[in-house]
Participant: 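First the structure, which I've put down as structure tokens, then a few questions once you've had a look.
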Amino acid sequence: MKIVVPVKRVIDANVKVRLKSDGSAVDSDNVKMSMNPFDEIAVEEAIRLKEAGVAGEIVAVSIGSDACQDVLRSALAMGADRALLIRTEAVLEPLAVAKLLREVVAREQPQLVICGKQSTDGDANQAGQMLAGLLGWPQATFASKLDIGADGATVTREIDGGLEIIAVTLPAVVTTDLRLNSPRYTTLPNIMKAKKKPLDVIALDEFGVDTRPRLTTLGLAEPAARSAGVRVADVAELLAKLKNEAKVI
Amino acid sequence: MDFQLTEEQIAFQDSAREFARHELAPYAAHWDEEEVFPKDTLRRAGEMGFCGLYTPQQYGGLGLTRLDAAIVFEELAAGCTSTAAYLTIHNMVSWMIGSFARAEVAEQWGPALASGAKLGSYCLTEPGAGSDAANLRTRAERDGDVYRLNGSKAFISGAGSTDVLVVMARTGGTGAKGISAFVVPADLPGISYGKKERKMGWNSQPTRTITFDNVAVPSANLLGEEGQGFTFAMKGLDGGRINIATCSVGTAQAALEAAARYVQERQQFGQALAEFQTVQFRLADMSTELVAARQMVRLAAWKLDSGSPDATAYCAMAKRFVTDAGFKVVNEALQLFGGYGYIKEYPLERHLRDSRVHQILEGTNEIMRVIVARRLLQDGALETLR
């Protein structure tokens with residue numbers, strides 16, 4: 001069984017995100033970039049399926065500039081077999097990403113696509129679902145447990161108010177939640193081996209897919225800064241403030 | 001000329017940083033307080049590739065450059081100075097055995113050392129031979145197909161908890177040329193270990209004296225030929241000096257980051273400390289000196305990698321400059337924490353205690369000056385030392 005895992009290059013989770021001084025975009029110049037954490041979980045899950053003898057080949061895919069090769073190398077160092085970069089300088093919306101991934105699926109013929117449930121930059125939480133819709137495949141989103149059986153997959157989903165267990169036939173799209181697994185460290189020997197694994201680059205234009213944006217960004221604003229706390233003299237004052245000012249009790 | 005790390009070096013750095021953040025930093029205070037030698041963590045470091053960074057690949061190492069190793073050790077030291085420093089010593093041992101031992105001995109020990117399954121100690125210093133190392137008195141007498149080792153070694157990192165020792169001992173006459181180096185299994189009959197030294201820092205690794213009483217070492221365990229031991233020991237130390245210097249950089253970076261965060265939070269006289277220009281200037285100097293120190297390490301590592309005839313002098317310069325600068329940055333960071341810098345709930349006093357010894361070992365900073373001066377006073381040296 002072949003698995004395709006899309007990976008996105010985002011601002012590292014340990015970086016404090018800022019807007020550019022003119023407010024036009026999030027400042028990503030000279031900022032540490034990493035693989036989207038949910039995609040890391042997706043890569044890890046695919047490798048575990050391979051180690052369990054369920055999966056054969058794992059193909060990591062990214063869409064973006066040449067700089068995205070670093071997250072593909074990370075996926076290869078974790079244990080993916082091949083990587084594919086769809087090169088573009090444009091920032092794509094989830095629908096465009098899903099359309100491109102549909103083309104990748106047509107070429108690669110995987111039985112399973114494992115995506116992060118969302119990227120930590122756009123937080124759209126749409127690409128996986130749209131891909132399933134375009135392919136006409138079942139989708140199992142927010143997975144916290146994934147079991148592949150003879151006739152499909154059993155997926156535990158994290159939903160509001162608890163867990164839901166569903167069965168899907170394959171091929172399918174699964175999106176990962178935080179508790180699916182803990183991604184392994186990339187070891188130095190594996191980083192060195194990853195250099196020799198194939199990484200193909202294809203220009204976005206070659207896919208002949210309409211990736212034009214459907215949305216217009218009107219403006220960006222930073223969240224309000226946290227204001228300083230206040231000291232209360234005693235419990236009575238605390239209760240009064242919670243009741244009258246914060247209105248939470 | 002390009003100061004940018006390669007894509008692979010950045011990946012190594014990220015890998016080491018992740019490991020340090022999750023596997024070292026959270027435990028460093030406990031290991032210091034309880035004097036724990038974290039062998040399980042060292043084993044995991046071995047799985048990561050950190051136990052044989054520049055050991056030859058044929059003996060289980062990664063065969064990386066000293067520059068690559070410096071980048072990795074810096075990140076590990078930011079997590080736990082003492083444990084990272086032991087790892088650098090282990091790497092030195094692993095490299096010496098992989099590079100200079102006979103094939104059967106390198107095959108026996110190399111892969112086990114490079115994977116962290118076995119640990120090593122480097123045994124040069126003696127109670128009566130510290131800076132004057134070439135005057136060491138431990139003797140190795142040829143007796144049939146063994147050498148009989150007699151004497152004692154002092155301040156040996158890891159001693160009593162490691163599996164193999166690289167021991168410098170005298171097989172010939174006085175001076176450096178009479179010294180040979182041996183691979184000595186740590187549990188051979190006749191080896192005894194002294195009590196664990198109580199130290200100011202570096203508490204996650206035991207330090208002991210080792211006494212050799214007629215210890216029979218197979219003659220095949222000789223590194224190279226008789227009389228080459230001091231040369232091997234000094235080659236090991238060139239890299240060792242870069243490693244210790246880079247541990248100072250990592251520790252100072254951790255201290256600087258802690259201080260920069262703290263002064264933005266700590267309010268006095270109605271404003272954050274960071275709003276006082278005197279604090280800003282101090283941070284600016286700390287950062288400037290740390291960047292200079294880091295580049296000095298990388299220059300020396302590159303000189304060693306490229307086989308420069310001046311590598312020894314550059315390694316000595318780097319060790320002297322960087323361990324002094326690193327200690328100063330840590331001390332300044334502690335000062336910015338005020339009283340909190342002095343109490344053990346914060347890591348600053350540990351950073352200070354751990355990095356202080358870097359000015360003393362792998363050759364004191366005074367001996368570093370001797371090495372640099374000896375080279376620079378040779379004819380034409382100032383043409384190349386620049």
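We use all heavy atoms of the structure for the numbers below, so side chains are in, but hydrogens, waters and symmetry mates are not. Residue numbering restarts at 1 for every chain, and letters A, B, ... go by the order of the sequence lines.
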Participant: Is there a donor-acceptor pair closer than 3.5 Å between any side-chain N or O of B:D68 and the backbone N or O of B:T65?
Facilitator: yes
Participant: Checking B:Q13 against chain A: side chain, backbone, both or neither under 4.5 Å from a heavy atom?
Facilitator: neither
Participant: Check each atom of A:D12 against the heavy atoms of chain B and say whether the ones under 4.5 Å are side chain, backbone, both or neither.
Facilitator: neither
Participant: Salt bridge or not between A:K20 and A:D27? Use side-chain N to carboxylate O under 4.0 Å.
Facilitator: no
Participant: Which region of B:E7, side chain (C-beta onward) or backbone (N, CA, C, O), has a non-hydrogen atom less than 4.5 Å from a non-hydrogen atom of chain A, or is it both or neither?
Facilitator: side chain
Participant: Regarding A:D81 and A:K50, does a basic nitrogen lie under 4.0 Å from an acidic carboxylate oxygen?
Facilitator: yes
Participant: Pick one of side chain, backbone, both or neither for B:L64, based on which atoms fall under 4.5 Å of a heavy atom in chain A.
Facilitator: side chain
Participant: Please determine, among B:I10, B:L53, B:L62, the option with the most heavy-atom pairs under 4.5 Å with chain A.
Facilitator: B:L62
Participant: A:Y185 pairs by side-chain hydrogen bond (donor to acceptor under 3.5 Å, both in side chains) with which of B:E47, B:E23, B:R44?
Facilitator: B:E23
Participant: Any cation-pi pair here, A:R107 with A:F207, using under 6.0 Å and within 45°?
Facilitator: yes
